[in-house]
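Excluded from the calculations below are hydrogen atoms, water molecules and symmetry mates; all remaining heavy atoms, backbone and side chain alike, are included.
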Amino acid sequence: MNRRRAPGWATSALVTTLALTGALAGPAAASPAATSAQAPTTAVATATDGITHEQNDRVPKGSVWTQHYFPSSDGSGTELHGDLLMPEGLPAGKKVPVILSIGPYFGHMGQTNPEGWTHTGPSNRFQDFIEGSDLFAHGYAFLMVDLRGFGGSTGCLDWGGPGEQADVKAAINWAASRPWSTGSVGMYGKSYDAVTGLIGNDLKQSALKAVVAGEPLWDMYQYIYSNGVPRPNVTGTANAYNGIATMAPLSDDDGHYQANARYEDDHPGCLTENSAGYRISDRNDPFWTSRDLAKMARGTNTPLFVTQGFIENNTKPEEMQEYLHNHTGPERGWVGQWDHVRGGDRVSDGRLAMGREGWYDETLSFYDQYLKGVRPSVDYPRYSVEDSTGHWRAQDTWPVVERNVTLPLGRGSYLDDGGASARANLAAAGTPAPKAVQPSGDWDTENAPTTEQPAPKGLAKGIAKRQQTGEVGSSFFVWSKPLAQDVRVTATPNISLTAKGQGNVMLKLYDVGPDGKAVMFDEQVSLLKAGRMSVDLKATDWTLAAGHVLAVEIGSIQTGSWRDIPSGQTIKVSGAVLRLSLDNPSDDVAGQGDRSPYLDTYLRQYTVDLPAGPASFTVTPGGHI
C-alpha cells in the first residue's frame, strides 16, 4: 500500500487543549502533566478529558478519545452517545473534517456480543480502516455514534426507520458544527453502518460531503421478506438486535453511559415494538415504505462510494439498481463476485476477499477529494467491476446496458408443494435428497450464517426429465437457444407472469454449459398475486459464454431458506415474460484485480446437472447485442 505523506503537525509531540464550549464541546487532549506521569492504561474519557493510547490501550495509536452526548433531531428526548477520536498533537485552532460511522455495533462491551473486554474504551470495529488509511496522520477525526437503543444512547431501536433517520441527521450536524470541525463530514460503514450511510445521503444534508457504504441493504424490507414470503430471520434478526440493545455496560463505564445503556430495563416495550415491526409482511405498509431507502434516494447527490457482492449471501443486491438510478451525484463502486466482506479483508491464504488491491488508498482519496478539495493523484475508475469469469473491468457507471430485451417464456404448470414431489422422485430413483433444514438462531446484518441451501444433486435434472414426459412437478423449465457469442446479463432481471392459483413462486436463472452442467446465478421468490404480477430478481453481472444456454425455472419454493407455506395447489402460469439488460463483453476495458476467492466457492455450491432442453426463445433476438 502506498501511504500518503502525513502533514507536519501529525508527528509533533505537542498535546493541545482544544477550546471548550459547554457540555457538547469538542475534545480536549490530556494535559502535559498527565501524559508525563505513569498514567493507568484503563483511563476513561469524558467530554473534556481526552485519553490517549498510553492511558488506555483500547484507544487507537495517534488519537485522543473523548465521549459526548447530544440529542437526536426528532424532539423525542432521545440522547445519543458518541466516541470521538481526534488526531493526537493537533495544533491549537486547527480544524479537521470528520468521518462518521453510526450504527448498532459501537458499544463499549462489544459489537454484536460481549467480547470479553476487561475495561472500557472506544469500539475497534473499524480499526482496519483507521490503520489502513493512516486516518489521523492525514488529518481526519473519526466519530462513532450509537444509534438509539444501542451502546450509550437512549431510545427505542428502530431498524432504519424514522427514529434512526433522525439520529443520522443529528450526528451529521453535530459533527459539522463543532468548533474543531471544518464543517465537512463523510460517512463510512459496512453492513448496518453502510445502511446509515445510505440514509445520510437520502436525508440531503449539506454538511455531508461523501459516503462510503460497503455491502449495505438498499431497502430494509428485503432483508426480512421477499415479496411477502418471510425469510428465515424474520424473527431472528429482531431478536439479535434486541440482544445487542440489552448488552450490559462494562463496570468502568461512566455513570452517564451506564444509565443510558440500561434504558431498555426501564422501557421493555422498546423490544416488543421492535419485534412487532418485523412481523408486517406487506411491503406497502407505512412501516416499510418509511424504510424504502432506494425510493428515498430520488434526487440525492452526495458523492457515493459503494461495494456490493452480486452473489452475496447476506445483504443481497436487491433494489441496488433502483437506488443508484435515483442517486444523481458522483459515484464510485467496487462490485463483483464476493460475499459479505470489506474491501481490505483477506481470506485464510492471504488473498484479498474482493480480489482488488488499494481499498484504503482509494477510500482516503475519495474523502480527500470531497471533504478537503484535494484533486486525486490517481485516475481511479468510477466503477471497478468483476464479472462471473473473475475478470475485472473499468467503466463509468453501473450498469452499462447495450440492449434491453423482452423474451417470451410462454406457459406452464407446477405443483406448489415446496419441492416434495421432486424430492420423492429422487428418493424413488435411489438418490434421496437430504432433508432441508431451516437455519435457526438469531443473527444481524453483520453476522448472518450461511442460509442458502444449494439444490440437492439431481433435483433440477429430475424435474426437467419428468417435464418432458408431460408430468406436472414442483417446477418447470424454459430454455433458450445456444448463444452465438458471449453475452453479459447485467442490471436487474425481471419476470412477469399471470398465475392461476394461490401459493408461492420461485424464479431462477441458470447458465447451462454444453456439458450439461448448469450454474444457478440469480433467483427470487414471491407470493402469487391475482392478475398480472412482476418480480425483480437480484441485480447481477453474469457472462454467458458462446454455446451456453440460458434456462429459466418457474415453480414452488424448493431450495434456499425461505419460510414459505406451500399451498398444495397446481399453479397454471401463462404469458410469462423475461426482461434482461445485456452488455457486450468484447467492449470491456480491463481493470486491475484478481479473481475473488468466493466465486469458486459459489460455483461449487450452485453447479447442478441440468442438460439443455428444447429451446423456445433466443437471448439476443436478431442475433446482436
Which of parallel (below 30°), tilted (30 to 60°) and perpendicular (above 60°) describes [X] and [Y]?
X      : Y      : result
Phe310 : Trp398 : tilted
Tyr323 : His327 : parallel
Tyr69  : His256 : parallel
Phe126 : Phe142 : perpendicular

Practice task
Would you confirm whether Asp193, through its side chain, and Lys190, through its main-chain N or O, come within 3.5 Å as a donor-acceptor pair?
Solution key: yes

Practice task
Return yes if some donor-acceptor pair links the side-chain N/O of Ser101 with the main-chain N/O of Tyr188 below 3.5 Å, else return no.
Solution key: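 Yes; judged by distance alone, with no hydrogens or angles, the pair exists.
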
Polar contact flag, side-chain donor to acceptor under 3.5 angstrom, [X]-[Y]:
X      : Y      : value
Ser133 : His138 : no
Gln55  : Thr52  : yes
Gln308 : Glu312 : no
Asp128 : Tyr360 : yes
Thr120 : Arg58  : no

Exercise for the section: Would you list the pairs meeting side chain to side chain donor-acceptor pair (under 3.5 Å) in which at least one residue belongs to residues 292-301, sequence neighbours left out? Expected result: Asn201-Thr300

What pairs meet the salt bridge (charged side-chain N to carboxylate O under 4.0 Å, His left out) rule with one or both residues in [range], with sequence neighbours excluded?
range            : value
residues 243-272 : none
residues 149-174 : Arg148-Asp167, Asp158-Arg291
residues 199-221 : Asp219-Arg283

Exercise for the section: Working to the nearest 0.5 Å, report the span between CG of Asp83 and NE2 of His108. Expected result: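 Separation between the atoms: 3.5 Å.
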
Problem - Separation of Gln369 CD from Ser377 OG (nearest 0.5 Å) - result: 11.0 Å

Practice task
Please assess Tyr221 against Trp159 for the test ring pair (Phe, Tyr, Trp, His ring centres under 6.0 Å), listing each intermediate value before the final yes or no.
Solution key: CA-CA 10 Å; Tyr221 175 84; Trp159 186 240; over 10 Å; no

Completion exercise
Residue set satisfying ring pair (Phe, Tyr, Trp, His ring centres under 6.0 Å) with Tyr367, at least two apart, ordered chain then number -> none

Problem - By ring pair (Phe, Tyr, Trp, His ring centres under 6.0 Å) - contacts of Tyr105 (at least two apart) - result: none

